[in-house]
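Notes follow the structure.
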Amino acid sequence: MNNNMNYLDTLNPAQREAVTDDQHNLLVLAGAGSGKTKVLTHRIAWLIHQQQISPYAILAVTFTNKAAHEMKDRVEKLIDMPTNGMWIGTFHSIAHRLLRMHWQNANLPETFQIIDSEDQYRLIRRIMKNLNLDEAAWPPKQAQWYINKQKDEGIRPKSIIESQDLFQQTMLKIYAAYEKACQQSGLVDFAELLLRSHELWLNNPELLNHYAKRFQHILVDEFQDTNTIQYAWLRMLVNEKNKIMIVGDDDQSIYGWRGAKIENIHQFEKDFSNTSTVRLEQNYRSTGNILQAANAVISGNYNRLGKNLWTQAGKGEPISLYAAFNDRDEARFITNRIITWTQQGNKACECAILYRSNAQSRVLEETLIQANLPYRIYGGTRFYERAEIKNALAYLRLMINRNDDPALERIINLPTRGIGNTTLTLIRQTARTNNFSMWQACQHLIKNDSLTTRSQNNLLTFLDLINTMDPRSTDRVGDDTQQAITNELPLHELTEHVLTCSGLLEYYKKDKSEKSLNRRENLTELINATKEFDVEDESTSPLTSFLTHAALEAGENQAESHSDCIQLMTLHAAKGLEFPVVFLTGLEEGLFPHQMSMDSVEKLEEERRLCYVGITRAKQKLYLTYAHTRMLHGSEMCRQPSQFLRAIPNECLEEIAGASRLSSGQARAVPLQIPRPISYKKRSVITETSCGNFKVGQTVSHNKFGEGIILNFEGNARVQVNFKKFGTKTLDLNYAKLS
DNA sequence: TGTCCGAGTTTTTTT
DNA sequence: AACTCGGACA
C-alpha cells in the first residue's frame with residue numbers, strides 16, 4: 001500500500017516507461033518472459049495509486065480465464081484491496097456482462113443463455129436436417145466453421161450478398177436459419193457474445209458514450225490474439241479522452257484458426273492516435289540456450305515486427321533431444337527423467353509435459369500412472385463439458401427458459417420416458433411449421449390431441465416434471481413470462497432437487513459399470529460446485545450466474561489441487577505459463593507441425609510460433625522428444641522428425657542416446673520387438689530419414705533375415721535395420737533386397 | 001419404443 | 001481407439 005515507489009524500482013527502464021506513460025496510447029511489444037503481466041498489473045496499480053484513477057474507471061481485458069484470474073490476483077496484491085467490481089476479465093465475459101446489463105438494447109430476452117461449441121454443433125446439425133441437407137455432402141463442422149468465421153468478421157446473414165456459388169448459398173441458408181433459431185430460443189454462442197456487444201454500442205451511441213467516458217484507461221493483454229470484431233469493439237471505445245495500452249507479441253500469435261488477426265497489432269499505430277511503442281526484449285525467464293533455440297526457430301517466419309530477446313543469464317544446460325522408438329518409449333523416457341529430477345530433491349510440479357494435441361496425453365498418462373507419479377492435466381474434456389454434466393445443466397436451463405430447444409432435445413428422453421423418435425419428429429415438425437419452440441409445440445400437440453394416448457401421457461409426464469421441478473411454479477403449465485427465477489431455493493438444493501426428480505441420478509445408478517460410477521461422482525461434484533459457487537454478479541439470479549460460469553469457464557477437468565503434480569497440457573494451454581523443466585513432445589512432421597497446417601505458409605508459420613511458445617515456457621531445462629513410430633488413429637504410424645528441430649543450432653543441443661533405457665527397467669512392458677539400443681552419433685536421423693522408397697521406422701522384409709525395422713540410413717546407400725530374429729545389421733541398399 | 005450390434009468415420013489448437 | 005449412426009430385433 002505504501003510501497004508505491006518501491007514497486008516501480010523493480011522495473012527495468014523499458015518496463016517503467018510502459019507503466020508510467022500518461023501521454024500516449026501505448027503499444028507494448030513484449031517478448032516471451034519479458035515481464036508482460038508485470039507491466040500490466042503494475043500499470044493498474046500505478047494508475048490507482050499515483051494517478052488517483054478510480055478502479056472503476058479501468059477496463060482490463062485478457063484472452064483466457066487463466067490470464068484474467070492471474071491478473072486479478074496480482075493486482076489485488078499490489079493495490080492491497082479486492083478487485084471486486086473492477087472490470088477485469090476476458091473479452092467474452094465482459095461482453096456477456098454488457099449483454100446482461102443491457103439485454104433490452106441488445107434485443108435479447110432477459111433469460112438468454114450461452115451455448116458452447118458442442119451445443120452449437122448439435123443445433124446446426126438439427127437445422128441442417130430440417131433443411132434436408134445431406135450430412136455427407138455438407139459436413140456440419142464446416143457449416144459451424146463458416147458461421148463462426150462470419151461472426152468473427154462481424155458479418156450477419158443479411159449483409160451477405162447472394163452468390164451463384166452453391167457452397168456460399170448453402171452456407172448462407174444454414175447461417176440464416178441458425179441465427180433465427182438462436183434468436184427464437186434466446187441462445188447466444190461465443191462469437192455472438194462479441195458480435196452482439198459490438199452491435200450494442202453501434203446501435204446505442206448513448207451507451208457507448210457512457211462507457212467511453214467511464215473507462216479512462218483500457219488495457220489489453222495478448223493483443224496479437226484479437227479478432228476483427230474485438231478490434232472494432234476496442235476502437236469504438238477509445239476516443240480522444242481516454243487511453244489504451246495494448247500488450248502483445250506477434251511471435252506468440254497462435255489463434256489464427258479462431259479468427260485472430262496478427263495484423264491488428266500492426267494496424268494499431270495507424271488506427272489509434274498519438275501512439276507510442278515500447279519494446280520489452282530482456283527475458284527474465286529462460287537460459288541462453290533455450291532463448292537461442294527459440295530465436296532460431298522463430299526466425300524462420302517472415303513479416304515479423306522484429307525483436308530480439310536477450311538474457312543476462314548464462315547459457316545454462318544444453319537442450320536435450322531424445323529420439324524415441326515409439327510413443328511409449330517417449331513417455332517412459334520422460335517419466336524416468338522426472339523421477340531423476342524429483343530424486344534430486346526437486347518438485348514434480350516444476351515439470352510440464354507439453355503436446356500439440358490432446359490425444360497425445362493418453363500414453364503419457366498411462367505411463368505416469370504405472371510409475372505412480374501424480375499428474376494434473378489441463379484441457380481435454382473439461383468438467384462442464386462432460387455429457388452427464390451437460391445433461392444436468394440442460395434441466396437447469398429449462399428451468400429458466402422453456403424455449404431452450406437444444407436443452408430440451410438433450411433430455412426429453414433422458415432418462416428414457418417413452419418419448420421416442422416418432423413423437424420427437426412430430427414435435428420438431430410442429431415447432432417448425434408454427435414457428436414454435438419445441439416446448440410450445442409439445443403443448444400444442446397435447447391440446448389438439450394429436451398423439452396416441454400412450455405418447456400423450458408420456459409427454460405430459462415430461463412437461464409436468466419440468467414444471468413441478470421449477471421452484472417458481474405452482475401449477476403454471478408453460479407460460480412464457482420470462483421473469484427471473486426467484487431465489488427461494490439455494491442453488492445447490494435446487495440442483496440436488498433437479499437431479500433427483502429428473503431421475504438422472506437414478507439413471508446413472510442403474511448401470512454398475514466403472515464409467516457410470518464415474519458419472520455419478522461427477523454429478524455429486526456438480527452439487528458441490530453449486531455449493532461453493534459464489535455469485536460474483538448480484539444483478540442476475542444465482543442460477544443464471546452459475547450457468548454462465550459453466551459455459552464461459554468450462555472448468556478444469558480435475559478438481560483444483562495445489563499438490564505437487566506433474567503438469568500436462570497442450571501447447572495452446574501453456575501460453576502465459578512457465579516451468580523450470582519442460583518436455584516438448586511429439587516433434588514429428590504431421591503432428592507438430594500438424595498435418596492440417598502443412599498446406600499453407602500462413603498455417604505453418606502459426607505452428608512455428610506455437611513451437612516458439614513451447615520452447616520459451618522453459619526456465620532451466622528443455623527436453624525435445626519425438627518418436628519413430630506412434631499409435632495414431634488406432635494404428636501404428638511411422639514418423640519423421642519435425643522440421644522445427646532442424647532449425648535449432650547444434651551448439652545448444654545435446655542428443656541423448658535413443659532407446660538405451662528401453663532394455664533397462666521395464667523390459668516386460670514392451671517385449672521382444674524392441675530393437676537393441678540405438679545410438680545415434682551425430683544428428684544423422686534428422687538429416688536423413690529416408691532413402692529411395694524406404695523410411696526410418698518402416699517395417700521391411702529381407703529374404704535371409706526376415707522382418708525388421710529400419711533404424712537409420714548411413715550415407716546414401718547403406719541402411720541400418722533391426723531384425724526381429726537377427727538384431728541390427730547394416731546393409732547396402734544396392735545389394736540387399738529389401739521389401 | 002427401446003436396445004443392441006456392427007459398420008463406418010474420424011481426429012488441432014479454445015472462448 | 002472412440003465415436004456416431006442406422007438397422008434389426010425384442
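A, B, ... follow the sequence lines: proteins, then strands. Residue 1 opens every chain.
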| message | Checking contacts here: which listed nucleotide (B:dT13, B:dT15, B:dT1) is nearest the side-chain heavy atoms of A:Arg356? | response | B:dT13
| remark: When A:Ser455 and A:Asn65 are each assigned the nearest nucleotide of DNA chain B, the 5'-most assignment goes to A:Ser455
| message | What is the distance, to the nearest angstrom, from the OH atom on A:Tyr121 to the P atom on B:dT12? | response | 12 Å
| request: Measure up the A:Trp233 and A:Trp201 rings against each other and bin them: parallel (under 30°), tilted (30 to 60°), perpendicular (over 60°). | output: parallel
| Any chance the side chains of A:Gln252 and A:Gln224 put a donor and an acceptor closer than 3.5 Å? | no
| Taking NZ from A:Lys141 and P from B:dT12, how many angstroms apart are they, rounded to a whole number? | 8 Å
| request: Just compare B:dT3, B:dT12, B:dT14 and give me whichever is closest to any side-chain atom of A:Thr416. | output: B:dT3
| query | Taking only residues two or more places apart in sequence, or in another chain, which ones meet A:Ser502 in a side chain to side chain contact (heavy atoms under 4.5 Å, CB included)? | reply | A:Tyr395, A:Met469, A:Leu504
| query | Can you tell which of B:dG2, B:dT14, B:dT12 lies closest to the side chain of A:Arg258? | reply | B:dT14
| Given A:Thr570, A:Val363, A:Leu587, the one that forms side-chain contact (heavy atoms from CB on, under 4.5 Å) with A:Tyr355 | A:Thr570
| said: Using whole Å, what does the distance between atom P of nucleotide B:dT15 and atom CD of A:Gln230 come to? | reply: 12 Å
| task | Apply ring-ring contact (aromatic ring centres under 6.0 Å, His included) to A:His572 and list each qualifying residue two or more places apart in sequence or on a separate chain. | result | A:Tyr255, A:Trp257
| request: Nearest whole angstrom, please: distance from the P of B:dT15 to the NE2 of A:His198. | output: 23 Å
| message | Is the phosphate of B:dT14 approached by A:Thr570 (side-chain N or O, under 4.0 Å from OP1 or OP2)? | response | yes
| Checking all strands, does A:Leu193 fall into the base, sugar-phosphate, or nothing category for heavy-atom contacts under 4.0 angstrom? | nothing
| message | Whole angstroms only, please: what is the NZ-P distance between A:Lys603 and B:dT13? | response | 15 Å
| message | Need one value for A:Asn413: base, sugar-phosphate or nothing, where a base atom within 4.0 Å counts as base even if backbone is also close, heavy atoms only. | response | sugar-phosphate
| task | Could you tell me whether A:Tyr255 contacts a base, only the sugar-phosphate backbone, or nothing, with contacts defined as non-hydrogen atoms closer than 4.0 Å? | result | sugar-phosphate
| task | Answer yes or no as to whether B:dT12 has its base stacked against A:Trp257, where stacking requires a ring-centre separation under 5.5 angstrom and planes under 30 degrees apart. | result | no
| query | Is the distance from OP1 or OP2 of B:dT14 to the nearest side-chain N or O of A:Asn358 less than 4.0 Å? | reply | yes
| said: In whole Å, I'd like the distance from the CZ atom of A:Arg362 to the P atom of B:dT12. | reply: 16 Å
| query | A:Leu632 has an atom CG; how far is it from atom P of C:dA2, in whole Å? | reply | 14 Å
| Side-chain donor/acceptor of A:His92 to base of B:dT15, under 3.5 Å | yes
| remark: Ranking A:Met596 and A:Arg454 by the position along DNA chain B of their nearest nucleotide, the one closer to 5' is A:Arg454
| Rounded to the Å, how far apart are A:Tyr612 OH and B:dT13 C1'? | 19 Å
